[in-house]
S.K.: 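Encoded as structure tokens, here's the structure I'll be asking about.
Every chain is numbered from 1, with letters handed out A, B, ... down the list of sequences.
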Number of protein chains: 2
Amino acid sequence: MRIGELAARSGLTAHTLRYYERIGLLPYADRNRSSHRDYDASILTWIAFLDRLKTTGMPIREMVRYAALRNDGPATQAERREMLERHRARVRAHVAELQDCLLVLDTKIAGYAGTDERMQAHDTGPSGRRQPAGTRTPGAR
Amino acid sequence: MRIGELAARSGLTAHTLRYYERIGLLPYADRNRSSHRDYDASILTWIAFLDRLKTTGMPIREMVRYAALRNDGPATQAERREMLERHRARVRAHVAELQDCLLVLDTKIAGYAGTDERMQAHDTGPSGRRQPAGTRTPGAR
DNA sequence: GCTTGACTTCGAGCGCGCTCGAACCCCTAG
DNA sequence: CTAGGGGTTCGAGCGCGCTCGAAGTCAAGC
């Protein structure tokens, strides 16, 4: 597989794939006689994993470190495992934080909903309330 | 409150606070006779909310847009609400994606754990396993 | 034989979100 | 009167993760 096809199948651009090779995220690819990169399909698995690390916010230099360890063979497994465990802990913490923020967003949005109701009530006159007033969360901004 | 104290209480630097004012994230602060910014404590609530938006990955230019709408008064409430709803949807999707990634990480880490056991079994000989294999939770989060 | 298009290397540039330093001002305490 | 510490504006710089363009090579199809 050449770089164009890998780009299509991985969702990265050819530019990015070359960049990743340059910085050591992807192993140096074999070249054919025209010095075009010739990829094995198995690289897709690795790229997919890198994508997971990226999505979860691992900095590139850390991914590079992981890639280097992987390259160094089985002796580095313990260290790789520790890296992933540390990373997992960070991601879990981040998810918890996001869920916290989601609650805040919910409250805020509920506050706007309450305002809508009051405006609607105003528009349609004192007797025109469509929703009971109690729907609004009192502490909402 | 002057900028130094606000910095201390908000966790941002004075440099960042000035930057935020410059780009419109924070309202233009009143200056005292020495042209030092003089903040009201209520600004802390707004900064805390901005922090939530930032944590959840809202781009600054969008926060600036939100801040501008807020500044324009009640007429913009519907639009602000929509912004927050769209943002909430993105955050929820992102959380789901992260949870997906966590499963992958779990699997990967479990794989390394399996290797550890095999290595330990090898180190200590066929009869020397320290932990029953069943201790390992295969699908653990 | 020529065009086309996918590739190569190389180095510069970009968008984001700050971060920092220079040069200056003002207030207070010793 | 002076030193120090906090503030001011302004514009440049930085780290990250790409992104892009220039200039050249090569193989296939007309």
S.K.: Rounding to a whole Å, what distance do you find between Leu6(B):CG and dG6(D):P?
M.R.: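 Nearest whole value for this atom pair: 16 Å.
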S.K.: Whole angstroms only, please: what is the CG-C1' distance between Leu53(B) and dG17(C)?
M.R.: 15 Å
S.K.: Please lay out, stage by stage, how Glu62(A) and Arg86(A) fare under the test salt bridge (charged side-chain N to carboxylate O under 4.0 Å, His left out).
M.R.: CA-CA 12 Å; Glu62(A) 215 165 307; Arg86(A) 273 193 299 272; over 6 Å; no
S.K.: Would you tell me if any nitrogen or oxygen in the side chain of Arg2(B) comes within less than 4.0 Å of OP1 or OP2 on dG6(D)?
M.R.: no
S.K.: Assign each of Met63(B) and Glu5(A) to its nearest nucleotide of DNA chain C by heavy atoms, then name whichever residue's nucleotide is nearer the 5' end.
M.R.: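 Result of the comparison: Glu5(A).
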S.K.: For the residue pair Trp46(A) and Tyr66(A), does the interplanar ring angle fall in the parallel (under 30°), tilted (30 to 60°) or perpendicular (over 60°) class?
M.R.: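 Geometry flag for Tyr66(A) against Trp46(A): parallel rings.
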S.K.: Rounded to the nearest angstrom, tell me the gap between atom CG in Leu17(A) and atom P in dC20(D).
M.R.: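 Leu17(A) atom CG is separated from dC20(D) atom P by 14 Å.
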S.K.: Which is more 5' along DNA chain D, the nucleotide nearest Ala14(B) or the one nearest Leu25(A)? Just name the residue.
M.R.: Ala14(B)
S.K.: So, OP1 or OP2 of dT8(D): does either fall under 4.0 Å of a side-chain N or O from Arg18(B)?
M.R.: yes
S.K.: Mapping Tyr19(A) and Arg33(A) onto DNA chain D by nearest heavy atom, which one lands closer to the 5' end?
M.R.: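 This one resolves to Tyr19(A).
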S.K.: Among dG6(D), dA12(C), dT8(C), which nucleotide has an atom closest to any side-chain atom of Ile3(A)?
M.R.: dT8(C)
S.K.: Specify the separation, in whole Å, of atom CD1 of Ile60(B) and atom P of dT19(C).
M.R.: 10 Å
S.K.: Does the side chain of Ser42(A) come under 3.5 Å of the side chain of Thr45(A) through a donor N or O and an acceptor N or O?
M.R.: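 No, Thr45(A) and Ser42(A) have no side-chain donor paired with an acceptor closer than 3.5 Å.
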S.K.: Under 4.0 Å between a side-chain N/O of Tyr20(B) and OP1 or OP2 of dC18(C), yes or no?
M.R.: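 Yes, because at least one side-chain N or O of Tyr20(B) sits under 4.0 Å from OP1 or OP2 of dC18(C).
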S.K.: OH of Tyr39(A) versus C1' of dA6(C): gap in Å, rounded?
M.R.: 14 Å
S.K.: Taking CD1 from Ile23(A) and C1' from dC10(C), how many angstroms apart are they, rounded to a whole number?
M.R.: 16 Å
S.K.: If only side-chain N and O atoms of Ser34(B) are considered, is one of them under 4.0 Å from the OP1 or OP2 phosphate oxygen of dC27(C)?
M.R.: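 Checking Ser34(B) against dC27(C): at least one side-chain N or O falls below 4.0 Å of OP1 or OP2.
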S.K.: Calculate the interatomic distance between Glu62(B) atom CD and dC16(C) atom P; express it in whole Å.
M.R.: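 In whole Å, dC16(C) P and Glu62(B) CD are 12 Å from each other.
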S.K.: For Val91(A) versus Thr56(A), what's the shortest heavy-atom pair and its separation?
M.R.: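 Between these two residues, the closest heavy atoms are CG2-CB, 3.7 Å.
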S.K.: Can you check the Glu21(B) CD to dC18(C) P distance for me, whole Å?
M.R.: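 So the two atoms are 16 Å apart, to the nearest Å.
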S.K.: Rounded to the nearest 0.5 Å, what separates atom CG in Asp38(B) from atom CD1 in Ile3(B)?
M.R.: 11.5 Å
S.K.: Go through dC16(D), dT8(C), dG17(C) for me and flag the one nearest to the Pro59(B) side chain.
M.R.: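 Between dC16(D), dT8(C), dG17(C), the one nearest the side chain of Pro59(B) would be dG17(C).
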S.K.: Look at the side chain of His36(B) and decide which nucleotide, out of dG21(C), dT8(D), dA12(C), has an atom nearest to it.
M.R.: dT8(D)
S.K.: Under 4.0 Å, heavy atoms only, any strand: does Arg31(B) hit a base, just the sugar-phosphate, or nothing?
M.R.: sugar-phosphate
